[in-house]
Amino acid sequence: MYTRRIFTGIKSLLHFDFPHFNAKDSGLKDETGLETWTRSGSAMSASKHVPADFASTIAPKFGYRCLYTKSANDFIQSTNYSGSFSTDKFDTEIFICPQSSTAGYILAFMNGNSESLALSLTSSRALRVSSSSWSLASESSFIVPLNSWHHVRLQVTGTTLKVFADGTQVIGVNVPGGKLPVTGMRIGGAHSFFDEFVFRNNIQNAFVPSQPVQGVLDLTKMGGYGTGADGEFYGNADSMNINTCGHVDSLKGVNACVTSWNASNCAAKSLSPGDEVMFFAVNHSSAINKNLTGLYAFRRVISSDGLSFIIDSPLETEFGQSEFANNNWLYAFRVPNFSRVNITGGNLYAKFQASAFRCSGDVTISNAGTKFMSANPTRYDDFDLSHSDLPDRMISSRGNLIVICGGTFTADSSAMLGHAKTSASLYRPAGYGGADNYSQPVMIGSPSNKYYGFNILIAAKKLRIDSDSLAYGADAQHHYSGLCYLAGDMN
């Protein structure tokens with residue numbers, strides 16, 4: 001699977017926040033994309049935020065939802081489709097918050113309907129590790145307190161098994177070693193809240209995370225900070241369209257042709273050798289090739305002759321194919337490579353759903369925003385995306401903003417990233433949406449021709465972004481907001 005994120009040994013990662021409430025298998029999105037999870041029994045989402053299956057003032061640990069199970073029949077499970085859990089060395093961790101003194105599983109490696117290796121709570125809330133494959137059963141003297149969050153880590157390396165609670169080892173036993181027979185993985189079964197599940201095929205220090213684990217953006221695959229060849233850009237006008245773009249009529253290997261060019265009104269209006277183009281599958285007129293929707297790729301121009309141009313390599317890696325016809329709804333955008341950007345007013349216009357640029361130096365945005373497309377794109381796909389998907393896929397929307405900055409990206413409280421500067425009462429915060437009350441943190445992933453707000457991806461060496469600058473991401477009630485991905489040093 002192609003991805004622009006680096007997970008450094010993480011094979012499974014669940015935050016229990018995404019996909020969005022009411023989506024299929026709500027809350028069970030595996031961020032690595034390697035495994036698929038489903039519910040069994042009455043496994044629920046829990047949160048102090050609306051909406052969730054179960055309301056609680058102490059849930060979640062992170063994010064806006066977590067997993068909640070009440071009995072041995074309630075759990076989520078994976079079939080180990082990609083073989084992520086079949087390894088002789090691993091480190092897996094999760095936060096738990098017990099709600100009663102009832103014995104039950106925390107997590108279990110399954111071999112058919114039998115446990116191959118399990119970590120559980122006893123009726124006295126001691127931690128217990130057991131394995132029918134290794135004829136193992138061991139309990140901790142540590143007792144997990146009720147109604148408070150605690151971090152549990154299970155490690156197997158060679159012939160040693162260790163269990164840690166809140167960073168302190170509480171179980172240590174010898175095991176035969178080697179790969180366990182694993183056909184699936186379960187989480188839950190004890191009467192408890194669960195949050196932030198991570199499974200790695202490498203061994204970590206016994207630390208307790210203070211924030212959710214994330215993949216790291218691969219800047220090399222994102223194309224780096226650019227050449228700076230387009231020089232400095234100073235903007236303060238409304239509807240600044242910086243991307244000359246065209247609907248791709250055909251693309252065979254490295255030979256591309258567009259039907260016409262829609263020229264930028266404040267940057268280069270044609271392609272030249274050395275220029276950068278972004279190919280973006282913005283939409284489809286039907287269900288044809290809907291799996292391509294939202295995929296994008298960056299290339300350099302080798303030569304250009306009016307509507308035809310040659311790129312430096314085919315799109316096989318990102319798109320899984322190298323030939324495209326008119327009905328793919330693929331667009332080509334010239335991506336400016338600025339050396340410095342200072343926008344002090346007006347709005348960047350995301351014509352044909354995208355506004356994208358690179359800058360080798362600093363980017364400063366003040367009293368300025370982004371302007372959406374007037375058309376409402378119809379979605380034919382069924383992708384339920386989360387914020388972390390943006391490095392790999394940007395779904396059809398009224399606008400997508402991509403900025404890669406080699407210096408400091410600064411947006412003060414007067415900036416409006418994700419929407420044009422306008423009345424605050426009309427717009428929903430970026431990353432929120434799909435609820436009658438626009439302050440509720442819920443996002444819906446069902447296709448429709450409703451309004452979809454901006455998707456925002458900003459990567460910079462240093463980020464200086466006021467939270468208010470991201471305050472306006474989509475249209476108001478009954479419409480859906482965009483997603484937001486930030487990468488960089490925010491210290």
Tabulate below the donor-acceptor pairs under 3.5 Å that side-chain atoms of residues 400-408 make, not counting sequence neighbours, or state none.
from, atom 1, to, atom 2, distance (Å)
Asn400, OD1, Asn455, ND2, 2.7
Asn400, ND2, Gln353, O, 2.7

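- Taking the side chain to side chain contact (heavy atoms under 4.5 Å, CB included) definition, one finds that Thr227 meets it with Ala229, Arg300, Asn337, sequence neighbours left out.
- Counting only residues at least two apart or on different chains, the side chain to side chain donor-acceptor pair (under 3.5 Å) pairs with a member in residues 174-192 are Tyr68-His191, Ser100-His191.
- Using a 3.5 Å distance cut-off with no hydrogens or angles, the side chains of Thr102 and Arg125 do not pair a donor with an acceptor.
- By the 4.0 Å N-to-carboxylate-O rule, Asp275 lies close enough to Arg334 to be salt-bridged with it.
- Each of Ser120, Ser130, Ser133, Ser131 was scored for a side-chain hydrogen bond (donor to acceptor under 3.5 Å, both in side chains) with Glu115, with one residue passing: Ser130.
- In this structure, a donor-acceptor pair under 3.5 Å is present between the side chains of Ser12 and Asp30.
- Counting heavy atoms from C-beta outward, Lys61 and Phe193 have side chains that stay 4.5 Å or more apart.
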Steps toward side chain to side chain contact (heavy atoms under 4.5 Å, CB included) verdict (Ile302, Val254):
CA-CA 9 Å; Ile302 301 299; Val254 296; over 6 Å; no

Show, in sequence, the C-alpha distance, side-chain angles and deciding distance for Lys461 and Phe409, and conclude whether the side chain to side chain contact (heavy atoms under 4.5 Å, CB included) test is met.
CA-CA 8 Å; Lys461 285 187 176 179; Phe409 182 97; over 6 Å; no

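- Side-chain atoms of Asp392 and Thr3 include a donor-acceptor pair closer than 3.5 Å.
- At least one side-chain heavy atom of Ile187 sits under 4.5 Å from a side-chain heavy atom of Leu14.
- Counting heavy atoms of neighbouring residues, nucleotides and ligands inside a 6.0 Å radius, atom NZ of Lys221 exceeds 12 of them.
- Atoms CZ and CZ, on Phe85 and Phe90 in that order, are 10.5 Å from each other to the nearest 0.5 Å.
- With respect to Asp389 and Lys29, a salt bridge is recorded, a charged nitrogen being found less than 4.0 Å from a carboxylate O.
- When the ring pair (Phe, Tyr, Trp, His ring centres under 6.0 Å) test is applied to Tyr225, no partner is found at least two apart in sequence or on another chain.
- Residues passing the salt bridge (Lys or Arg N to Asp or Glu O under 4.0 Å) test with Asp362: none are found, sequence neighbours excluded.
- Applying the side chain to side chain contact (heavy atoms under 4.5 Å, CB included) rule to Ser42 yields the partners Asp74; only residues at least two apart in sequence or on another chain are considered.
- Counting heavy atoms of neighbouring residues, nucleotides and ligands inside a 6.0 Å radius, atom CG of Asn113 does not exceed 12 of them.
- In terms of heavy-atom proximity, Phe75 sits nearest to Gly189 at CB-N, 4.5 Å.
- Side-chain contact check for Gln155 versus Thr160: every heavy-atom pair is 4.5 Å or farther apart.
- Tyr105 meets the ring pair (Phe, Tyr, Trp, His ring centres under 6.0 Å) test with no other residue; sequence neighbours excluded.
- Between Leu486 and Leu463, the closest side-chain pair of non-hydrogen atoms falls below 4.5 Å.
- Interatomic distance, CZ of Arg153 versus CD of Glu93, reported as 4.0 Å (0.5 Å rounding).
- The CG atom of Leu28 sits 7.5 Å away from atom CG of Leu67, with the distance rounded to the nearest 0.5 Å.
- Smallest separation of non-hydrogen atoms from Ile171 and Leu127: CD1-O, 3.7 Å.
- Side-chain N or O atoms of Arg299 include one that pairs as donor or acceptor with a backbone N or O of Ser313 at under 3.5 Å.
- Considering every non-hydrogen atom in both Gly178 and Asp88, the closest pair reads C-CB, 3.7 Å.
- Inter-residue side-chain proximity for Leu13 and Val213 is flagged as met; some heavy-atom pair is nearer than 4.5 Å.
- Panel note: side chain Arg393, backbone Thr293; a donor-acceptor pair is recorded below 3.5 Å.
- Rounded to the nearest 0.5 angstrom, Ile458 CD1 and Cys484 SG are separated by 6.5 Å.
- In summary, the side chains of Glu35 and Ser84 do present a donor paired with an acceptor at a separation below 3.5 Å, with no hydrogens or angles considered.
- The salt bridge (Lys or Arg N to Asp or Glu O under 4.0 Å) check on Arg358 picks up Glu276, with sequence neighbours excluded.
- No side-chain N or O of Arg200 forms a donor-acceptor pair with one of Thr92 less than 3.5 Å apart.
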Are Leu154 and Phe164 close enough, and set up right, to give a side chain to side chain contact (heavy atoms under 4.5 Å, CB included), and what steps lead you there?
CA-CA 7 Å; Leu154 169 64; Phe164 299 85; over 6 Å; no

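- Residue pairs meeting the side chain to side chain donor-acceptor pair (under 3.5 Å) criterion with at least one member in residues 136-149, sequence neighbours excluded, are Gln99-Asn147, Ser148-His150.
- A distance of 5.5 Å separates OG of Ser386 from CZ of Phe18, quoted to the nearest 0.5 Å.
- When side chains are defined from C-beta on, Met110 does not count as touching Ser116, because their heavy atoms never get closer than 4.5 Å.
- Residues Val277 and Phe333 form no side-chain contact, since every pair of their non-hydrogen atoms from C-beta on lies 4.5 Å or further apart.
- Residue His151 forms a ring pair (Phe, Tyr, Trp, His ring centres under 6.0 Å) with just one option from Phe194, Phe62, Phe95, and that option is Phe95.
- Summarising the geometry of Thr69 relative to Ala43, their closest heavy-atom pair is CG2-CB, 4.2 Å, with the distance given to 0.1 Å.
- Here Phe197 pairs with Trp37 under the ring pair (Phe, Tyr, Trp, His ring centres under 6.0 Å) rule; sequence neighbours left out.
- Remark: Tyr331 engages His247, Phe352 in a ring pair (Phe, Tyr, Trp, His ring centres under 6.0 Å) (not counting sequence neighbours).
- Taking CD1 from Ile143 and OG from Ser101, the interatomic distance works out to 9.0 Å, rounded to the nearest 0.5 Å.
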Please list, one pair per line, the donor and acceptor atoms closer than 3.5 Å that link side chains of residues 202-210 to other protein atoms, with sequence neighbours excluded.
from, atom 1, to, atom 2, distance (Å)
Asn202, OD1, Gln204, NE2, 3.2
Asn202, ND2, Thr8, O, 3.3

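- Considering only heavy atoms from C-beta on, Leu292 stays 4.5 Å or farther from Trp329 through its side chain.
- Heavy atoms only, all atoms of each residue included: Leu457 and Tyr296 are closest at CD1-OH, 3.9 Å.
- Closest non-hydrogen pair, Cys66 versus Pro60, comes out as CB-CB, 3.7 Å.
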For the pair Phe279 and Phe319, evaluate ring-ring contact (aromatic ring centres under 6.0 Å, His included) and give the outcome as yes or no after the intermediate values.
CA-CA 10 Å; Phe279 293 92; Phe319 285 80; 7.7 Å; no

Side chain to side chain contact (heavy atoms under 4.5 Å, CB included) between Leu251 and Leu330, intermediate numbers included:
CA-CA 9 Å; Leu251 175 58; Leu330 187 70; 4.1 Å; yes

